[in-house]
Engineer: 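The structure under discussion is supplied below as structure tokens; questions concerning it will follow.
Note that ligands are numbered from 1 as they come in the structure, with each ligand's atoms numbered from 1 the same way.
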Amino acid sequence: MATLGTIALSQIKPFSAFANSLDGEVLFTLDALPYEFKALEPHIDALTMEIHHDRHHKGYVDNLNKLCAKEGIQEKSLEVILSKVGSYSVGVKNNAGGHYNHTLFWKMMKANGGGLPTGAANDAINANFGTFEQFKTKFIETAKGRFGSGWAWLVANDGKLNIGSTANQENPLMDVSELKGTPILCLDVWEHAYYLKYQNKRADYIDAWFNTINWDTVNAQLKLAK
Ligand code: MN
């Protein structure tokens, strides 16, 4: 106690970091972003990225670990948890989904991204939607049309690509999701993903986000789906 006054605030771990070690084994961890917070500017600002990753995504990971300890879940594969998430609590659904969705979302973006799809992604998008512009129009409509918080997705199912959206932190790998398939591309349309820079203008955020897409990740997900 006597030393507390001499510790800099930055040296004090947030409560959630302690909570994991108190409650039990840490199953899931938060990876660092694969780029700097400012890497996606001017499309997505550094402060939004920092808060989104270090607070929102960290919160999902911390809560998921606490809930796994509390509910006796020892399953180490996030994908397996998602596949039977309907048999767990709503908290597990929200936080397992939150962890999975954000982990994938960070990889869907990169500095100097965007442009036209490359390789197999280009072929698959043209085959399923006609042209990239037609795909983009439909994806934007879907992302704008998700009422409240959620995600827009491009998924692969039975060799076909579909566009859809999910509410809150649900995703196409969940047994409880109407939209099913392997995630190929995802976009977070929760207000926390854009409100600092775009306020209520979700459409502007979606347009700008297209300039960050990492088509290498899209191609990697397409391979996974096969
Ligand atoms: Mn988010």
Engineer: Under 6.0 Å from the CD atom of Q199, do we count more than 12 heavy atoms belonging to anything else shown?
Structural biologist: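 For Q199, atom CD is crowded (more than 12 foreign heavy atoms under 6.0 Å).
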
Engineer: Given 3.5 Å as the limit, does a donor-acceptor pair link the side chain of N171 with the main chain of L173, or not?
Structural biologist: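 A pair under 3.5 Å: yes.
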
Engineer: Drop me the distance from F210's CZ to Y205's OH, to the nearest 0.5 angstrom.
Structural biologist: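 If we round to the nearest 0.5 Å, F210:CZ and Y205:OH are 11.0 Å apart.
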
Engineer: Protein N, O or S atoms less than 2.8 Å from the Mn ion (ligand 1), ignoring waters?
Structural biologist: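 Near the Mn ion (ligand 1), the protein supplies H52 NE2, H102 NE2, D188 OD2, H192 NE2.
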
Engineer: Can we say K66 and D62 salt-bridge, meaning some charged N sits less than 4.0 Å from an Asp/Glu carboxylate O?
Structural biologist: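 Not counted as a salt bridge, because no side-chain N and carboxylate O are separated by less than 4.0 Å.
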
Engineer: Go through the side-chain N and O atoms of N63 and H99 and say whether any donor and acceptor fall under 3.5 Å apart.
Structural biologist: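 No, because no side-chain N or O of N63 sits under 3.5 Å from a partner of the opposite role on H99.
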
Engineer: Taking the side chain from K144 and the backbone from F139, do they hold a donor-acceptor pair closer than 3.5 Å?
Structural biologist: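 It does not hold such a pair.
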
